[in-house]
Amino acid sequence: LFLQKKLFNMDDFSFSDVFVEDSSVFLLYKYKQKKTPPLSLDLDWPLIEGVALGHKRFNLLSVWIAKEKEHLYIEFFTN
């Protein structure tokens, strides 16, 4: 996510300054950023519907996992 922020602030066809993040060193080159048009309900309905259904499934799975954890006992053994 921090790399996206750096790239969005850069001009096309340019290098970033060298920077350190979490003990790693980075140098970015931005070739060209494609500007995407905003989504519309008429043209992009299948994509919007797919994202909404995926989010709903994720939420249902999270609730199911939380309920199952209440009935399950897990013991960790460490050496």
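The basis for the numbers below is simple: all heavy atoms, side chains too, and nothing from hydrogens, waters or symmetry mates. Keep in mind that what you see is a predicted model, and the values were worked out from it rather than measured.
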Where at least one partner belongs to residues 15-43, residue pairs that pass ring-ring contact (aromatic ring centres under 6.0 Å, His included), sequence neighbours excluded: Phe2-Phe26, Phe13-Tyr31, Phe15-Tyr29, Phe19-Phe26

When you look at CG of Asp17, are more than 12 heavy atoms from neighbouring residues, nucleotides or ligands closer to it than 6.0 Å? no

Qualifying residues under side chain to side chain contact (heavy atoms under 4.5 Å, CB included), relative to Val25, sequence neighbours excluded: Val18, Val20

What pairs with Glu70 under side chain to side chain contact (heavy atoms under 4.5 Å, CB included), at least two apart in sequence or on another chain? none

Going by side-chain hydrogen bond (donor to acceptor under 3.5 Å, both in side chains), name the residues that satisfy it together with Lys6, two or more places apart in sequence or in a different chain. none

Please tabulate, for side-chain N and O atoms in residues 47-58, each donor-acceptor pair with protein atoms closer than 3.5 Å (sequence neighbours left out).
from  : atom 1 : to    : atom 2 : distance (Å)
His55 : NE2    : Asn59 : ND2    : 3.2

Point-to-point distance, once rounded to the nearest 0.5 Å, from CG of Asp12 to OG of Ser14: 7.5 Å

Anything under 3.5 Å between a donor and an acceptor, one on a side chain of residues 34-44, the other on a protein residue two or more places apart or in another chain? List them.
from  : atom 1 : to    : atom 2 : distance (Å)
Ser40 : OG     : Leu43 : N      : 3.1
Asp44 : OD2    : Ser40 : N      : 3.0

Is the backbone N or O of Leu7 less than 3.5 Å from a side-chain atom of Lys30, with the two atoms forming a donor-acceptor pair by type? yes

